[in-house]
Amino acid sequence: MRDRISRRAVLAGAAFALLAARPAVAMKRLRIGVTLHPYYSYVANIVGDRAEVVPLIPVGFNPHAYEPRGEDIKRLGALDVVVLNGIGHDDFAERMIRASEKPDVPVIEANRDVPLLAAVGQMAQSRGKSVSGKVVNSHTFLSITGSITQVQTIARELGRLDPDNADVFSKNARAYAQRLRKIRAAALAQLAEAPAASFRVATIHGAYDYLLREFGLEVTAVVEPAHGVEPSPAQLAKTIEQIRALDVKVIFSELNFPSAYVDTIRRETGVRLYPLSHVIYGAYTPEKFEVEMAENFATVVRAIKEMGADAPSPAPEAGR
Amino acid sequence: MTRVVVRPAGAGRETLFVAGLCALVVACAATVATIRARPADEAVLAAWRIDARDGLNAAEQGLNADLAAAAEDIRAELASGEAPSPDRLGEEALPPFAKDATAARRGGHVWSLVRDGETLGYLGVSGDAATARTLLLRIAAPSGDTGGHGSDRKATVWAHPSAGAAGRLSNEALIAGGWKQVASRYDASVTR
């Protein structure tokens with residue numbers, strides 16, 4: 001009887017200890033702020049259930065035109081670390097951090113190790129001249145390779161902040177990178193040969209350079225002077241002339257962003273339009289990036305196939 | 001008879017005051033701009049290095065980005081075993097070792113593994129030098145023995161216009177052989 005009681009007491013004590021310890025464990029979970037949807041997907045896949053991922057921008061806001069609100073800045077005070085694009089797509093975040101209760105919150109610059117491309121488009125080029133050519137294309141998240149490098153950086157830095165989970169983060173990051181690589185490999189496997197040199201592409205928005213590089217394609221022209229800024233009639237006329245002169249075959253436009261001038265370009269030049277996702281609209285979900293990037297890759301493959309770009313001989317991506 | 005001299009209406013003095021004030025504002029602005037001007041913080045690259053953004057063409061930029069991402073996987077495999085061969089990496093669809101349409105478009109590099117002591121090199125000989133140069137991913141083994149390369153254990157990418165092989169993988173040997181190290185620089189947004 002005595003043994004029974006003591007065994008019960010031990011079990012009850014152990015259960016109590018476990019219950020008491022649970023809040024402490026929960027308290028240790030990092031709260032990680034992210035600015036854009038792809039970063040939500042990256043971090044959610046890296047941390048799994050070992051940390052909480054908090055979007056800084058509420059669903060429904062366009063990050064290109066986002067103005068921080070008081071309640072969003074307040075949320076920053078409860079974060080342990082913020083993951084930034086840092087090269088032009090979330091410039092509002094630094095101002096938010098400075099204005100928050102935690103101005104010294106650690107920041108992970110996800111693009112620290114990504115080989116960056118120069119920005120394209122008329123506005124970027126004019127600004128680039130005045131800032132020593134430092135204006136870079138901030139859409140590194142719209143590519144598999146750029147994303148993998150960022151995932152590696154984020155996992156490494158989170159591991160430093162939370163050493164107990166560093167191995168888990170590293171393992172999850174590698175598994176996620178492998179899944180991302182499969183998206184690219186599956187798309188490229190559908191192309192029997194490289195696109196021909198004559199397969200020239202333009203984009204409405206200068207967001208897809210990194211993505212198209214993964215097919216060995218280089219963007220010949222960008223229509224918009226800046227994101228969401230419609231070209232003036234004179235700029236539009238110049239772009240149409242340029243598209244004709246360069247014999248552009250395909251224009252990649254943007255999903256969820258229809259514009260009347262895009263129809264004018266199509267009508268005047270006869271090129272075909274294919275919409276790509278910018279992966280910055282809609283709900284934040286761990287799988288969003290994989291799903292929408294798979295669709296983007298499928299769209300580019302379709303464009304190459306439909307335009308008969310499976311030329312007999314591989315051609316150079318660009319001359320020096 | 002009283003004579004009153006009426007001076008001609010004019011704003012010469014006021015004009016002078018306004019002009020003086022404008023000059024003062026411009027002088028103040030110029031002084032502040034001069035004092036607060038930041039010196040250009042771009043370091044000039046050594047002759048044996050090339051900038052990834054300006055010194056590589058589109059095909060090479062793509063290859064360089066793929067090699068930078070692949071280095072992490074290779075290092076992870078090195079930590080747990082033998083150096084993975086380029087063929088095996090290609091079978092795992094790891095760019096740029098995978099043989100796909102992009103690889104063909106970027107110059108059809110043929111990859112091989114080169115060893116120099118504990119240092120490894122993944123050498124990609126270009127099949128079309130006009131499209132992309134030959135590239136080398138140099139990566140030190142995680143044993144800590146860097147094979148005479150000092151404490152630098154980072155993976156680095158090197159480019160050569162026409163090399164068909166790589167012997168020693170030290171900085172000195174590569175530079176002497178005409179290789180140039182690809183340097184990537186990080187620039188935070190100019191509007192932050």
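Throughout, protein chains are lettered first and strands after them, A, B, ... in sequence-line order, and every chain is numbered starting at 1. Note that the coordinates shown come from a computational prediction; the quantities given were computed from them, not determined experimentally.
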- Query: Any Lys/Arg nitrogen of B:Asp66 or A:Arg184 sitting under 4.0 Å from an Asp/Glu carboxylate oxygen of the other?
  - Reply: yes
- Message: Report which part of B:Ala98 has an atom under 4.5 Å of a heavy atom belonging to chain A: side chain, backbone, both, or neither.
- Response: neither
- Note on the structure: Pair count under 4.5 Å, heavy atoms only, with chain B: among A:Asn111, A:Leu188, A:Ile148, highest is A:Leu188
- Message: For the interface with chain A, which of B:Ala69, B:Ala70, B:Ser184, B:Ala71 has the highest count of heavy-atom pairs at distances below 4.5 Å?
- Response: B:Ala69
- Which answer fits B:Leu94, side chain, backbone, both or neither, if we ask what part of it has an atom under 4.5 Å from a heavy atom of chain A? both
- Message: Taking side chain as everything from C-beta outward and backbone as N, CA, C, O, which of these in B:Asp73 sits under 4.5 Å from a heavy atom of chain A? Side chain, backbone, both or neither.
- Response: both
- Donor-acceptor contact present, side-chain A:Tyr210 to main-chain A:Asn137, <3.5 Å: yes
- Message: For B:Lys154, is there an ion pair with A:Asp113 - N to carboxylate O distance below 4.0 angstrom?
- Response: no
- Query: Using a cut-off of under 4.5 Å for heavy-atom pairs, which of B:Ala65, B:Ala93, B:Gly108 has the most such pairs with chain A?
  - Reply: B:Ala65
- Item | Pairs satisfying ring pair (Phe, Tyr, Trp, His ring centres under 6.0 Å), at least one member in residues 3-30 of chain B, at least two apart | none
- Task: Answer yes or no: is there an ion pair linking B:Glu77 with B:Arg88, defined by an N-O contact shorter than 4.0 Å?
- Result: yes
- Query: Should the pair A:Arg156-B:Glu72 be classified as a salt bridge under the 4.0 Å nitrogen-to-oxygen rule?
  - Reply: yes
- Query: Of all of A:Thr149, A:Leu117, A:Val114, A:Ile144, which one pairs up most often with chain B through heavy atoms under 4.5 Å apart?
  - Reply: A:Leu117
- Item | Atom group of A:Arg112 that falls short of 4.5 Å from chain B, counting heavy atoms | both
